[in-house]
Amino acid sequence: GDVLLAALRPSGSMMVLLGDFTGHGLPAAIGAMPLAAAFYGMAHKGFALTDILREINQKLKSILPVGVFCCATFLEINYREKTVTAWNGGLPDCFIYRHDSKTVDLIKSTHLPLGVVSDLQFKADCQHFDLEYGDRCFMWSDGIHEAINSQSEMYGEERLLEVFEKNTSPKLVFDE
């Protein structure tokens, strides 16, 4: 049920959407095609992140069975202005890893997933972050948090944050 989409807008900024549909297998994949069609079609035409979110939400709300929805994080990375615009609906908090300070800013999950509420109830407000050279965005679905070790312990958010806190070389944080 996971999907990762990326596209360049005519302005040169990059849009990235990480989504996780409820369920597994074919039932979880039912919304992937309409989501991708709306995302790529609108991003390539230069539509704003909020307009794309609203369109995807409306499409998914109209076609998905009750109880099926898409948790998602959607970023627009503007390289010229050195900014990130972020929307997170239902995925774990994601990170902007600051190269110089080796700290993280949270891309918080503050919204309901896509396909849950009608267009009138849908909230498309975003977080905005300034970037510096070397800063990196990290996004993930619940798979990292829910991974289980040999002692049947979930990896969890605390261990993930610890990786970033203990990192001494920003180039290695992903591998760590």
Side-chain angles (χ1 to χ4, degrees), residues 1-21 32 35-36 38-57 69-114 122-147 149 154-176:
D2 287 4
V3 61
L4 178 64
L5 308 173
L8 288 174
R9 293 181 66 217
S11 66
S13 63
M14 176 172 278
M15 294 188 144
V16 180
L17 186 146
L18 174 65
D20 184 4
F21 284 91
L35 181 143
F39 174 85
Y40 287 120
M42 295 180 76
H44 290 142
K45 291 177 184 169
F47 280 88
L49 181 147
T50 55
D51 294 332
I52 298 171
L53 278 170
R54 288 191 176 285
E55 180 67 16
I56 290 171
N57 181 70
F69 50 84
C70 181
C71 297
T73 300
F74 194 167
L75 304 181
E76 180 176 358
I77 305 163
N78 186 318
Y79 299 106
R80 285 188 192 127
E81 295 179 13
K82 294 193 264 180
T83 60
V84 172
T85 302
W87 182 94
N88 189 345
L91 282 183
D93 293 347
C94 298
F95 296 166
I96 297 175
Y97 183 62
R98 302 299 184 170
H99 180 269
D100 289 339
S101 64
K102 296 177 181 54
T103 60
V104 297
D105 288 341
L106 296 178
I107 300 171
K108 294 181 180 279
S109 178
T110 57
H111 299 287
L112 291 172
L114 297 166
F122 184 75
K123 304 287 185 215
D125 55 303
C126 297
Q127 295 175 269
H128 302 278
F129 302 92
D130 292 324
L131 294 177
E132 296 296 329
Y133 181 78
D135 291 349
R136 298 168 75 186
C137 299
F138 289 86
M139 301 166 37
W140 41 72
S141 65
D142 56 7
I144 290 176
H145 294 83
E146 295 175 0
N149 66 15
M154 290 179 119
Y155 191 73
E157 188 172 348
E158 289 176 22
R159 286 188 180 132
L160 183 60
L161 185 55
E162 194 174 286
V163 169
F164 286 84
E165 289 172 348
K166 290 183 176 181
N167 176 264
T168 57
S169 174
K171 291 181 181 178
L172 300 176
V173 72
F174 184 81
D175 293 333
E176 291 172 347

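Side chains are part of it too, since the values below use all heavy atoms of this structure and drop only hydrogens, waters and symmetry mates. Start at 1 with the first residue, then count along the sequence.
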H44 versus A7, closest heavy-atom pair with distance: NE2-CB, 3.8 Å
F39: what forms a ring-ring contact (aromatic ring centres under 6.0 Å, His included) with it, not counting sequence neighbours? F74
Of all the heavy-atom pairs spanning I107 and N88, show the shortest one and how long it is. O-ND2, 3.3 Å
Could you work out, with side chain to side chain donor-acceptor pair (under 3.5 Å) as the rule, every residue matching S13, not counting sequence neighbours? S11, E76
Give, for atom SG of C137 and atom OH of Y97, the distance between the pair rounded to the nearest 0.5 Å. 13.5 Å
Side chain to side chain contact (heavy atoms under 4.5 Å, CB included) partners for Y155, two or more places apart: I144, A147, R159, L160, V163
Donor-acceptor pair, distance only, cut-off 3.5 Å: does the side chain of D105 make one with the backbone of I96? no
Heavy atoms of A38 and I56 approach each other most closely as CB-CG1, 3.8 Å
Kindly give the heavy-atom pair with the smallest separation between F69 and P113, and that separation in Å. CD1-CB, 3.4 Å
What's the spacing between L17 CG and T73 OG1 if we round to 0.5 Å? 8.0 Å
Residues which pass salt bridge (Lys or Arg N to Asp or Glu O under 4.0 Å) with D135, listed by chain and number, not counting sequence neighbours: R98
Which distance, rounded to the nearest 0.5 Å, do you find between the CG of L5 and the CD1 of I52? 10.5 Å
Residues 168-176 side chain polar contacts: donor-acceptor under 3.5 Å, at least two apart:
{"residue": "E176", "atom": "OE1", "partner": "N167", "partner atom": "ND2", "Å": "2.7"}

Atom pair CG/CE of N78 and M14 - distance to nearest 0.5 Å: 12.0 Å
With sequence neighbours left out, the residues meeting side chain to side chain contact (heavy atoms under 4.5 Å, CB included) with E162 are K166
Side-chain donor-acceptor pairs of residues 125-132 under 3.5 Å, sequence neighbours excluded:
{"residue": "Q127", "atom": "OE1", "partner": "K108", "partner atom": "N", "Å": "3.0"}
{"residue": "Q127", "atom": "NE2", "partner": "L106", "partner atom": "O", "Å": "3.4"}
{"residue": "H128", "atom": "ND1", "partner": "T85", "partner atom": "OG1", "Å": "3.4"}

My understanding is that only residues two or more places apart in sequence, or in another chain, count here; which of them pass ring-ring contact (aromatic ring centres under 6.0 Å, His included) with F138? F164
Under the rule for side chain to side chain donor-acceptor pair (under 3.5 Å), what residues qualify as partners of D93, not counting sequence neighbours? none
Measuring only between side-chain heavy atoms, which start at C-beta, is M139 closer than 4.5 Å to V16? yes
Using the test side chain to side chain contact (heavy atoms under 4.5 Å, CB included), find all partners of A48 that sit at least two apart in sequence or belong to another chain. T50, D51
For residues 136-146, the side chain to side chain donor-acceptor pair (under 3.5 Å) pairs (sequence neighbours left out) are D2-S141
Given 3.5 Å as the limit, does a donor-acceptor pair link the side chain of R9 with the main chain of A43, or not? no
Test side chain to side chain contact (heavy atoms under 4.5 Å, CB included) applied to E165 - qualifying residues, sequence neighbours left out: L161
Measure the CG-CZ distance between L112 and F122 for me, rounded to the nearest 0.5 Å. 9.0 Å
Counting only N and O atoms by type, is there a donor-acceptor contact under 3.5 Å from the side chain of S109 to the main-chain atoms of P92? no
Could you give the distance from CD (E55) to CG (L35), rounded to the nearest 0.5 Å? 11.0 Å
